[in-house]
Amino acid sequence: MSKEVGQKLVELRGERKAEQVANDLGIPVRTLKSYEQGERTPKDNLKTKIAHYYNVPIEWLFFAHFDHYRCT
């Protein structure tokens with residue numbers, strides 16, 4: 001996964017603790033951190049879950065050519 005996607009995930013998490021987000025998503029904290037650092041790519045079903053969790057389009061979050069949406 002790209003560092004750009006990882007950076008988006010970090011920005012979307014904001015002030016939330018990684019432990020809380022990981023718990024909400026049903027994944028280990030180390031897995032969330034590996035996504036945020038661009039070291040691993042989530043499976044498609046988890047991509048959908050993450051996008052819904054942050055209320056952003058999955059296309060914007062995981063596919064570079066959909067860059068018209070911004071974190072607010």
Side-chain angles (χ1 to χ4, degrees):
M1 186 162 65
S2 75
K3 297 284 184 184
E4 181 179 314
V5 172
Q7 183 59 38
K8 288 178 184 178
L9 291 171
V10 170
E11 289 176 18
L12 288 167
R13 183 163 55 86
E15 298 297 318
R16 296 179 187 103
K17 293 186 180 272
E19 293 80 6
Q20 182 61 51
V21 173
N23 185 58
D24 291 346
L25 294 171
I27 60 175
V29 174
R30 68 183 174 277
T31 300
L32 175 64
K33 291 290 196 171
S34 70
Y35 298 154
E36 290 180 347
Q37 294 168 1
E39 296 170 353
R40 292 181 59 193
T41 301
K43 293 182 180 180
D44 289 344
N45 63 330
L46 188 54
K47 286 178 184 177
T48 301
K49 192 172 186 178
I50 293 168
H52 284 138
Y53 181 80
Y54 289 124
N55 195 32
V56 296
I58 191 171
E59 296 85 1
W60 171 80
L61 185 55
F62 292 103
F63 304 102
H65 59 280
F66 285 94
D67 200 28
H68 62 277
Y69 188 88
R70 291 216 174 267
C71 296
T72 54

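Residue numbers run from 1 in the order of the sequence given. Keep in mind that the numbers below use all heavy atoms, side chains included, and drop hydrogens, waters and symmetry copies.
One hydrophobic cluster, built from ILVMFWY side chains closer than 4.5 Å, holds both I27 and F62. Put simply, V29 and V10 are part of two different groups of oily side chains (I, L, V, M, F, W, Y) that touch within less than 4.5 Å, one to the next.
When atom types are taken as modelled, the side chain of K33 and the backbone of A18 share no donor-acceptor pair closer than 3.5 angstrom.
Side-chain contact between E19 and L32 is absent, with no heavy atoms from C-beta onward closer than 4.5 Å. Looking at heavy atoms from C-beta onward, V21 lies in side-chain contact with Y54 at the 4.5 angstrom threshold.
Residues passing the side-chain contact (heavy atoms from CB on, under 4.5 Å) test with K49, sequence neighbours excluded: L25, L46. D24 is linked by a side-chain contact (heavy atoms from CB on, under 4.5 Å) to Q20, Y53, counting only residues two or more places apart in sequence or in another chain.
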| query | Given the rule in the side chain to side chain contact (heavy atoms under 4.5 Å, CB included) test, do L61 and L12 qualify, once you have shown the distances and angles that lead to the verdict? | reply | CA-CA 10 Å; L61 185 55; L12 288 167; 3.7 Å; yes
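Here the rule is salt bridge (charged side-chain N to carboxylate O under 4.0 Å, His left out) with E36, and of R16, R30, R13 only R13 fits it.
Nearest heavy atoms, Q37 versus K3: O-NZ, 2.8 Å. In plain terms, the two heavy atoms of P57 and A51 that are nearest each other are C-CB, 4.4 Å.
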